[in-house]
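Heads up: the structure comes next, in structure tokens.
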Amino acid sequence: MRQPGGQGISVNARYEFESGWSLSNIFALEWNHFNVFSDDDASPASVDYQENIGGVARVLSNEIRVSSPQNKKIRYIGGVYYLRNMTQSSSQQPLYSPIDFGVNGNASSFNINTQDAAVFSALSFDLTRRLTLDIGGRFTSETRTANGEAWAYNTLSANPYYTGNRALTYINTNTGTFIDPATGQNLSGSPLKKTFNRDSEDASLKYRFAHGIIGYLRYARGFRTGNYNTYVATASDFSLYNPEVLTDYEGGIKARLWQGKAQLNLSGFHYDYNNMQVTILQNTGTHTTNAARAVSNGFEFEGQVRPVENLFGSFGVSYQDAHYTNFRNASAPTPFNGGNPVNLSGQPLERAPHVTTNFLLSYKLPVSFGDFTIQTDWRYTSRYRFQAWSDVHPSTRAAFLASPQTLALVRKAFSQKPVITGNVRFAWHSVDEKTEVTVWLHNITNQMTYTNAFGEFFNRNISRYPGDLRSFGFEVMRSL
């Protein structure tokens, strides 16, 4: 059960100078909150023992931007940016005590405060009538601070979410407490304040071969900021992961052909990830960490065509080889490798199928009382994995995971097999286009698909989350 909510305001003010320059100010203030009850222990325990996770976030941001006239040979955009984010999160797991797992509970409450300041600039040059150079850069300084606590508590059967009967407070940032619940030994905790200074760059060349045909080369480097893991079951789970840096090398061609009736795009890419952020499934939850390096190489070919006014088609084909190049200390559920790290170097990334294709065809039939439209779309994806460690063959598996049959089951359960899915939609629109009546059929071939898998190896259980099977519906919509 999820109860999200939020509210906010935004103001976008822009002043145009007579010279063609403009000054903009973009302000936003948001409040968001959520509360999730998740019965994810894959056991017959009472529904009253669900996991309860909640949080509140308050975000303030402001950007001041100046822009030159955009019809000149040299064009400029630059400005400054500020963000303040205050996030409070809490969790209660009535059966996840790190002292006596499956009997008593675990709870935590953390605050993460973020201050982000950045300066950015971008220039566009028309070097010739056909050749354009775009360059840009951004420098960001972001400071995160953390405080909070985590504790094991004795679960009351009458009120599993009462966390006041503490058995052990194993994290308290105010007192500097970091304790291993299993041994009672003191641990060194993560730093409670961290500043990330990062730069981002972008440069591209565009060449117009002919009217409607453009080729391009692009280099870009950017980052995804670091943060704290606040979903904790032991003191070591409260940890800081670093920013992920992505360097993108890309080139391609975009062509508008057949008097504008067809659009074809072809591109090839090489993505180089450094300190890639990955979320690893562990015994009682998930944990975000940094893989050393990963790459993704591939190409994309897509197109649209409208041979006549009422017939439209589109297609896409993509191939990618995305894998870790150096990730020797990945975590995994304890029985999978005896609590030891697994080596994922050379393993494909999660949710990264090698081949993806899609196809859509739509035809509109005008009639005196409106029009009918029939549309079908299809998609193919090759096999991909939900957890990167599921295909690894370590030497220290628990005995119940060691047989070839069980290994095959794990490999199958934590992946989605190659699948083709298709949908069809039939709609009528009124003459004034204000009324629409639609009949649709999804997953025509009734393919079994999955969206995720979770392994509760402590009770020898694997949960798979299915996608939608064949379904149909009828809709009537009227706009005013």
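As a basis for the values below, the full set of heavy atoms in this structure was taken, side chains included, without hydrogen atoms, waters or symmetry mates.
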Could you give me the CA-CA distance, side-chain angles and deciding distance for Val392 and Asn343, then say whether side chain to side chain contact (heavy atoms under 4.5 Å, CB included) is met? CA-CA 8 Å; Val392 177; Asn343 183 3; over 6 Å; no
Walk me through whether Asp321 and Asn297 qualify under side chain to side chain donor-acceptor pair (under 3.5 Å). CA-CA 5 Å; Asp321 176 16; Asn297 301 306; 5.2 Å; no
Would you check, one step at a time, whether the test side chain to side chain donor-acceptor pair (under 3.5 Å) holds for Asn35 with Asn52? CA-CA 7 Å; Asn35 188 246; Asn52 180 19; 3.0 Å; yes
Verify side chain to side chain donor-acceptor pair (under 3.5 Å) between Glu302 and Asn265, making sure each step is shown before the conclusion. CA-CA 5 Å; Glu302 60 181 3; Asn265 302 324; 3.3 Å; yes
Before giving the answer on side chain to side chain contact (heavy atoms under 4.5 Å, CB included), spell out for His323 and Val295 the whole-Å C-alpha distance, their side-chain angles and the decisive distance to 0.1 Å. CA-CA 6 Å; His323 60 274; Val295 297; 3.5 Å; yes
So Gln88 and Arg58, side chain to side chain donor-acceptor pair (under 3.5 Å) or not? Walk me through it. CA-CA 9 Å; Gln88 300 169 296; Arg58 304 171 184 88; 3.1 Å; yes
Side chain to side chain contact (heavy atoms under 4.5 Å, CB included) between Asp237 and Asn229, worked out: CA-CA 7 Å; Asp237 288 342; Asn229 284 296; 5.9 Å; no
Intermediate values then yes/no, side chain to side chain contact (heavy atoms under 4.5 Å, CB included), Phe474 and Val439: CA-CA 5 Å; Phe474 175 80; Val439 178; 3.6 Å; yes
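How far NZ of Lys194 is from CG of Asn227: 13.5 Å, rounded to the nearest 0.5 Å. Within the model, atoms CG of Asp377 and CZ of Phe315 stand 16.0 Å from one another, a figure rounded to the nearest 0.5 Å. A distance of 5.0 Å separates CG of Leu349 from OH of Tyr324, quoted to the nearest 0.5 Å. Once rounded to the nearest 0.5 Å, the distance linking CE of Met448 with CZ of Arg464 reads 8.5 Å. Taken to the nearest 0.5 Å, the CG atom of Asn62 stands 10.5 Å off from the OH atom of Tyr82. To the nearest 0.5 angstrom, Tyr162 atom OH is 12.0 Å from Thr155 atom OG1.
With contacts defined as side-chain heavy-atom distances shorter than 4.5 Å, the pair Ser390/Arg411 does not qualify. Between Tyr241 and Asn275, every side-chain heavy-atom pair lies at or beyond the 4.5 Å cut-off. Taking 4.5 Å as the limit, some side-chain heavy atom of Tyr161 sits within range of a side-chain heavy atom of Pro94. Taking the side chain as every heavy atom from C-beta outward, Gln447 and Ile420 never approach each other to under 4.5 Å. Arg65 places a side-chain heavy atom less than 4.5 Å from the side chain of Ser67. A 4.5 Å side-chain heavy-atom check between Thr357 and Val355 finds at least one atom pair inside the cut-off. Looking at heavy atoms from C-beta onward, Ile444 lies in side-chain contact with Trp378 at the 4.5 angstrom threshold. The shortest side-chain heavy-atom distance between Arg138 and Tyr81 falls under the 4.5 Å cut-off.
Gln93 and Asn106 form a side-chain donor-acceptor contact under 3.5 Å, judged by distance and modelled atom types alone.
Just one residue in the list Leu83, Thr87, Thr114, Leu29 forms a side chain to side chain contact (heavy atoms under 4.5 Å, CB included) with Val59, and that residue is Leu83. Of the candidates Asp199, Asp202, Asp248, Asp272, Arg221 forms a salt bridge (charged side-chain N to carboxylate O under 4.0 Å, His left out) with just one, namely Asp199. The residue from Phe386, Tyr384, Trp389 that alone fulfils the ring pair (Phe, Tyr, Trp, His ring centres under 6.0 Å) condition with Phe414 is Trp389.
Remark: the backbone N or O of Ala57 is not paired with any side-chain donor or acceptor of Asn32 at under 3.5 angstrom. Looking only at distances, a side-chain donor or acceptor of Gln277 sits under 3.5 Å from a matching main-chain atom of Asn242. Although no hydrogens or angles enter the test, the distance criterion places no donor-acceptor pair under 3.5 Å between the side chain of Thr143 and the main chain of Thr195. Formation of a donor-acceptor pair under 3.5 Å by the Ser89 side chain with backbone atoms of Gly55 is not found in this model. Side-chain N or O atoms of Arg224 include none that pairs as donor or acceptor with a backbone N or O of Pro243 at under 3.5 Å. A distance-only check finds a donor-acceptor pair linking the side chain of Gln320 to the backbone of Pro353 [under 3.5 Å]. Ser91 places no side-chain N or O within donor-acceptor distance of the main-chain N or O of Ala107, the cut-off being under 3.5 Å.
No salt bridge links Asp134 with Arg218; every basic N to acidic carboxylate O contact stays at or beyond 4.0 Å.
Contact detail for Ala150 and Ser108: the closest heavy-atom pair is CB-CB, 3.9 Å. Across Lys193 and Tyr228, no two heavy atoms sit closer than the pair N-OH, 3.4 Å. Residue Ser296 comes nearest to Ala322 through the heavy atom pair OG-CB, 3.7 Å, listed as atom of the first residue, atom of the second, then distance. Between Tyr170 and Pro98, the closest heavy-atom pair is CE2-CG, 3.7 Å. When every heavy atom of Tyr216 is checked against every heavy atom of Ser267, the shortest pair comes out as OH-CB, 3.4 Å. Taking every heavy atom of both residues into account, Phe34 and Ile53 meet most closely at CE1-O, 3.9 Å.
For Phe472, the CZ atom sits in a loose shell: 12 or fewer heavy atoms of surrounding residues, nucleotides or ligands are nearer than 6.0 Å. Counting heavy atoms of neighbouring residues, nucleotides and ligands inside a 6.0 Å radius, atom CG of Asp468 does not exceed 12 of them. The environment of CZ in Arg328 is sparse: at most 12 heavy-atom neighbours from other residues, nucleotides or ligands sit within 6.0 Å.
Proximity of the aromatic rings of Phe110 and Phe238 is defined here by a centroid distance below 6.0 angstrom, and this criterion is met. Ring centroid separation for the pair Phe101 and Tyr96 comes in under the 6.0 Å cut-off. You'll find the ring centres of Trp440 and His442 inside the 6.0 Å limit.
Remark: Ser188 pairs with no residue by the side chain to side chain donor-acceptor pair (under 3.5 Å) rule, at least two apart or across chains. For Gln347, the side chain to side chain donor-acceptor pair (under 3.5 Å) partners at least two apart in sequence or on another chain are Arg385.
Between Tyr273 and Tyr271, the angle of the ring planes goes over 60°, which puts this pair in the perpendicular group of the 30/60° scheme. Note on ring orientation: taking the six-membered ring where Trp is involved, the planes of Tyr219 and Tyr249 are tilted (angle from 30° to 60°).
For the pair Arg198 and Phe139, the cation-pi criterion (under 6.0 Å, within 45° of the ring axis) is not fulfilled.
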